[in-house]
Amino acid sequence: MTGCTSGADATERAATGAPAPKAPMAPKVPDKAAEAAAYQKWGLKPLAAPPAPPRTKPVRRTPGGPVPVVSEIPTKDKVVFLTIDDGAEKDPEFLRMMKELDVPVTMFLTDSAIRDDYGYFKPLAALGNGVANHTLTHPNLRTLGREAQRREICGQQTRLAKEYGTTPRLFRPPYGNWNEDTRAAAGECGVDAIVLWRESMQIKNMQYQRGDGKLHPGDIILAHFRGPSELKGTTMTEMTANLLRHIQAQGFTVARLEDYV
């Protein structure tokens, strides 16, 4: 079967009164003035538009094979990927910021941190941001056997699918701690990739794993849903603005992780 509409299809639609398929929507043309104004509101300059997603995702799980573990994405594009963990802080201003800036993020959510307000993350997901798995209770998985790890991972797959309508494909182990039991359990739970990170955002500065202290194409950046009590008075939106300034100052922009994995 091809993607073309056959004459029989057209005849059947005419007979049944069914509407013709809708043509693909034209690409959205950004309003540069509105974009600049939105960024200016947060004390920022607009990020460069990311390149088109690759036709073939550079990170793919081989059918029946082990779950890949990644800290960066193999690409030559000057893009990085933003990931935000846990879900304890639920700042309404961060929702507004993400809606206005349209910067893609992937949320690695822990049930014990989000269960008091699952609804907070639904507008973020509705913007196209990824919902990913960060376990039910945030344990150090290396201290658990395979079955206990499977319960943590599969249990959160089920919870997130129920609340947000889609079963996550990506998983991050708490503290970045994992072993082969983690990998096997994640595979049993339908995970396509275990996602670690190369940089972590603090309050004003980033911590780099590499000695050169620089971003590299495809780097995955870790941040957390945290508020002033954990950020020494800094809000989550201020921390995020600092993060975007670091990215822009090094000549990078932000791409959607799920387009590459």
Side-chain angles (χ1 to χ4, degrees), residues 53 57-73 81-90 94-95 98 104-197 200 220-226 255-261:
K57 293 181 179 182
V59 177
R60 290 173 292 167
R61 183 184 179 191
T62 303
V67 176
V69 181
V70 297
S71 299
E72 71 273 344
I73 304 301
F81 305 94
L82 300 189
T83 64
I84 310 179
D85 280 13
D86 302 340
E89 177 70 11
K90 302 170 182 69
F94 181 72
L95 296 181
M98 290 296 97
V105 301
T106 299
M107 304 175 288
F108 286 88
L109 301 177
T110 299
D111 190 65
S112 59
I114 68 172
R115 66 173 61 138
D116 63 334
D117 188 3
Y118 289 121
Y120 172 84
F121 303 93
K122 291 182 179 179
L124 291 169
L127 292 172
N129 296 305
V131 174
N133 188 331
H134 199 41
T135 71
L136 286 170
T137 65
H138 207 274
N140 180 350
L141 293 178
R142 288 180 185 168
T143 68
L144 303 180
R146 178 168 169 175
E147 179 55 28
Q149 292 196 43
R150 192 192 68 79
R151 288 195 296 269
E152 281 283 342
I153 300 168
C154 288
Q156 184 65 339
Q157 292 283 86
T158 301
R159 295 275 178 89
L160 293 174
K162 177 182 178 182
E163 293 297 331
Y164 303 106
T166 303
T167 302
R169 297 189 304 103
L170 307 181
F171 169 69
R172 172 170 287 157
Y175 317 106
N177 290 344
W178 66 280
N179 54 26
E180 288 304 318
D181 282 340
T182 313
R183 207 172 189 180
E188 293 171 3
C189 298
V191 168
D192 288 337
I194 293 174
V195 179
L196 304 179
W197 61 90
S200 60
I220 297 168
I221 301 173
L222 165 67
H224 290 85
F225 285 96
R226 289 177 176 165
R256 186 173 181 270
L257 181 60
E258 288 81 1
D259 289 337
Y260 289 73
V261 183

Worksheet item: Stepwise, does the side chain to side chain contact (heavy atoms under 4.5 Å, CB included) test hold for Leu257 with Ile73?
Response: CA-CA 9 Å; Leu257 181 60; Ile73 304 301; 4.0 Å; yes
Would you compute the distance between atom [atom1] of [X] and atom [atom2] of [Y] and round it to the nearest 0.5 angstrom?
X: Ser71; Y: Leu196; atom1: OG; atom2: CG; value: 4.5 Å
X: Lys57; Y: Glu258; atom1: NZ; atom2: CD; value: 8.0 Å
X: Phe81; Y: Glu72; atom1: CZ; atom2: CD; value: 10.5 Å
X: Glu89; Y: His224; atom1: CD; atom2: NE2; value: 13.0 Å

Where the side chain of [X] meets the backbone of [Y], is there a donor-acceptor pair that is under 3.5 Å apart?
X: Asn133; Y: Ile153; result: yes
X: Arg183; Y: Val67; result: yes
X: Arg150; Y: Ala184; result: no
X: Lys90; Y: Ile114; result: no
X: Gln156; Y: Leu136; result: no
X: Arg256; Y: Pro53; result: no

Item to complete: Go through the steps for Gln149 and Thr182 under the test side-chain hydrogen bond (donor to acceptor under 3.5 Å, both in side chains), then give the verdict.
Response: CA-CA 6 Å; Gln149 292 196 43; Thr182 313; 2.5 Å; yes
Practice prompt. Compare every heavy atom of Thr167 with every heavy atom of Ala161, then report the nearest pair and how far apart it is.
Written response: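 Shortest heavy-atom separation between Ala161 and Thr167 comes out as CB-OG1, 3.5 Å.
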Item to complete: Kindly determine whether Arg159 and Asp111 satisfy salt bridge (charged side-chain N to carboxylate O under 4.0 Å, His left out), including the steps that lead there.
Response: CA-CA 8 Å; Arg159 295 275 178 89; Asp111 190 65; 2.5 Å; yes
Side-chain contact, heavy-atom cut-off 4.5 Å: [X] with [Y]?
X: Ile84; Y: Phe94; value: yes
X: Arg172; Y: Ile220; value: yes
X: Phe121; Y: Val131; value: no
X: Pro68; Y: Asp192; value: no
X: Thr110; Y: Pro174; value: no
X: Asn177; Y: Leu141; value: no
X: Phe108; Y: Leu170; value: yes
X: Leu124; Y: Val105; value: no

Worksheet item: Would His134 and Met107 count as a side chain to side chain contact (heavy atoms under 4.5 Å, CB included) if you check the C-alpha gap in whole Å, the side-chain angles of each, and the deciding distance to 0.1 Å?
Response: CA-CA 9 Å; His134 199 41; Met107 304 175 288; over 6 Å; no
Worksheet item: salt bridge (Lys or Arg N to Asp or Glu O under 4.0 Å) with Arg60: which residues, sequence neighbours excluded?
Response: none
Worksheet item: Tell me, which pairs form a disulfide (SG to SG under 2.5 Å) where one or both residues lie in residues 139-189, sequence neighbours left out?
Response: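 Output for this query lists Cys154-Cys189.
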